[in-house]
Amino acid sequence: MRHAVGRARPALRLVPACMAVALFVGVGAAGLIALLRESEPGLWLSYVSDPYLWRLVQFSLGQAALSSLISLLLAVPVTSCLRHREFWGRAWLLQGFALSMVVPTMVAVLGIVVVYGRSGWLNQWFGVEVPLYGLGGILLAHVFFNMPLAVRLLLQGQALVPGGQWRLAAQLGLGRWAAFWLVEWPYLRRVLPGAWVLVFVLCFSSFSVVLSLGGGPRSSTLEVAIYQALRFDFDIGKATFLALLQIVICTAVALAAYRLLPAVRPDTSALPLRAPHVRDSLWARGLDSSVMALALWWVVPPFVAIFDPVFSARFLPTVLDPATASAVGVSLALALPAGVLSVALGYAFGSLARAALDNGRWAWLPTPLEQLGDWILLVPGLVLATGLFLLLRNAGWGLTGNYLIVVWVNAVMALPFVLRALMPAMIQHEKRFRRMHQSLGIWGWSRLMLEWPLLRRNVGQALGYAVLLSLGDMGVIALFGTQGLVSLPLYLYQLVGSYRLQEGASVAVVLMALCAVLFYACTRGVGGKGHAGV
């Protein structure tokens, strides 16, 4: 009897995590069911026979595959360089990478146009004109967003390399190329499948970038077609069909990627130490310098262009405008709860995943849980928000649930980024210290306090991702924004739509500054001193 009670206690401790995961699945399923009830499946056959639909699918797949491939091909050498080279501004560069992957899309597109546009800096200084509108511009913007994301994900995987392996590589006199293949690559390839799927899905479901830089119907995607069906036609049936088609395509691609490149879980080696320097060479230094120069050129100039309106005459009056202050307050009221909620959901997913490692019958569960968190990216946020709105409207909530819808959708859309930051570390520490926790009976709050110094950097990183992604969202807030619910991205969109371009550029500076402050506060305040970067 005593043994049965002892076995039941760990299961009871997982009840909150199970409830959180069930809530995630249940709310998403309820929103999709509400959409299906409003749609007419009998019309789906007419959508399938439309040739334009398959042109959309072909272009969506092509640009997503190219964007993800270029992003990862650049991210791998940049990751290796950042791990081996210490240089002035490295921490600031990592912060810039983090901001570039979660910077509000409209703000980033504005900076990219200033740098690469027909009258941009590149054309003015070097006479080089970039075909910005079309596939070239889409690829340029997607790599700007997703190459830094891939770098940070790969750095987290590379940080799991035990210090003993680096010491052995240094003692054997391995050069950079040999050390990369024998030491770094086995750990990098563990996170590559998840990183590739995440980048591919983000590019496949891209909306604002394609809408701004697509240049016309020939460079449109399924996500843009969904927006047009909801925003202009309010054709819920067509939007539902396109959303289901997008889910099926992305799911098939993700399953194929995970099957071809299975995610290998971290081992139980000792805690990683600072990597000793392997044998260096002039060739390695030249390659690292070239790679970092390319990365800096890709990321830094658009950021500099974003802050150009600081010197305009309209900057200070726009910053002091009560409407700007109100938009800042709304953005914080939406982003901070969404960020905390997303981290709580991510910790619940991680708790279930690491608990399954202790049970042979459930040892397969961690990978499906991670994939379940990624699944939310397959569903367009606009479609999910519309389904929840219909659900709450039928329940009699009306407009009172708009705030809750925006917070929830922002939280779950940031969940894949949170899982990438939390789950590898949680599973790694579980494998290292499981027997100690079991033998000493350390559970619950005591275990959390014991693990906090090991996990706080990852928690701070996850919170920073979630808060900034929620802060920069415009799709969902544009659907539900009212007179009292106008965030900074929506206010920026309204100013640009009213041809108040100087005021809009000034609001973009405010938004970027707020993003920088919040990300630093999350990674430094929660992650601890010295953990603002990776």
Side-chain angles (χ1 to χ4, degrees), residues 19-20 22-35 38 102 104-106 207-208 227 230-231 234 236 239 321-346 348 376-377 379-415 417-418 462-495 497 507 510-511 514-515 518 521-522:
M19 292 177 62
L23 180 65
F24 168 80
V25 175
V27 172
L32 292 180
I33 291 173
L35 278 175
E38 296 286 337
V102 292
T105 306
M106 286 191 60
F207 167 66
S208 299
Y227 169 77
L230 284 175
R231 182 68 177 85
F234 199 67
I236 295 179
D321 192 336
T324 303
S326 176
V328 170
V330 171
S331 295
L332 293 175
L334 293 171
L336 295 180
V340 174
L341 178 59
S342 186
V343 172
L345 288 173
I376 195 63
L377 288 179
V379 183
L382 200 62
V383 172
L384 179 60
T386 303
L388 294 179
F389 172 77
L390 294 174
L391 184 67
L392 294 181
R393 186 191 65 179
N394 295 334
W397 282 54
L399 298 177
T400 57
N402 288 354
Y403 173 79
L404 298 178
I405 292 174
V406 175
V407 171
W408 175 262
V409 173
N410 285 342
V412 298
M413 295 305 291
L415 182 61
F417 298 88
V418 172
L463 183 62
Y465 291 159
V467 169
L468 264 66
L469 287 169
S470 302
L471 187 71
D473 172 72
M474 195 192 73
V476 179
I477 191 65
L479 187 63
F480 295 104
T482 61
Q483 191 64 29
L485 196 65
V486 177
S487 64
L488 274 174
L490 183 56
Y491 184 46
L492 169 60
Y493 175 78
Q494 293 174 348
L495 290 175
V507 171
V510 174
L511 182 55
L514 186 60
C515 287
L518 287 178
C522 291

Worksheet item: Looking at Val330 and Val486, what are the two nearest heavy atoms and their distance?
Response: CB-O, 3.5 Å
Discussion item. I want to check something: taking the side chain as every heavy atom from C-beta on, are Tyr491 and Asp321 in contact at a cut-off of under 4.5 Å?
Written reply: yes
Worksheet item: With a 4.5 Å heavy-atom cut-off, do Val406 and Asn410 have their side chains touching?
Response: yes
Item to complete: Answer yes or no: is there a donor N or O on one side and an acceptor on the other, between the side chain of Tyr403 and the main chain of Ala333, under 3.5 Å?
Response: yes
Item to complete: Show your reasoning for whether side chain to side chain contact (heavy atoms under 4.5 Å, CB included) applies to Leu518 and Leu332.
Response: CA-CA 10 Å; Leu518 287 178; Leu332 293 175; 3.8 Å; yes
Worksheet, complete the sentence: Taking every heavy atom of Leu511 against every heavy atom of Pro489, the minimum-distance pair comes out as CD2-CG, 4.1 Å
Discussion item. If you compare all heavy atoms of Leu488 against all heavy atoms of Thr324, which two are closest, and at what distance to 0.1 Å?
Written reply: CD2-O, 4.3 Å
Item to complete: Quick one: closest heavy-atom pair of Leu391 and Ala30, and the distance?
Response: CD2-CB, 3.7 Å
Discussion item. Go through it in stages, so that I can follow the logic: the residues are Leu415 and Phe24, the test is side chain to side chain contact (heavy atoms under 4.5 Å, CB included), and I'd like the CA-CA distance, side-chain angles, deciding distance and then a yes or no.
Written reply: CA-CA 10 Å; Leu415 182 61; Phe24 168 80; 3.7 Å; yes
Worksheet item: At their closest point, which heavy atom of Gly339 faces which heavy atom of Ala466, and how far apart are they?
Response: CA-CB, 3.7 Å
Worksheet item: Distance-only, no hydrogens or angles: does the Ser342 side chain make a donor-acceptor pair with backbone N or O of Ala338 under 3.5 Å?
Response: no
Worksheet item: What's the shortest heavy-atom distance between Leu471 and Cys515, and which atoms?
Response: CD2-SG, 3.5 Å
Fill in: Approximate separation, where rounding is to 0.5 Å, of Trp408 CH2 and Leu345 CG
5.0 Å
Practice prompt. For residues Leu388 and Val27, determine if any side-chain heavy atom of one lies less than 4.5 Å from a side-chain heavy atom of the other.
Written response: yes
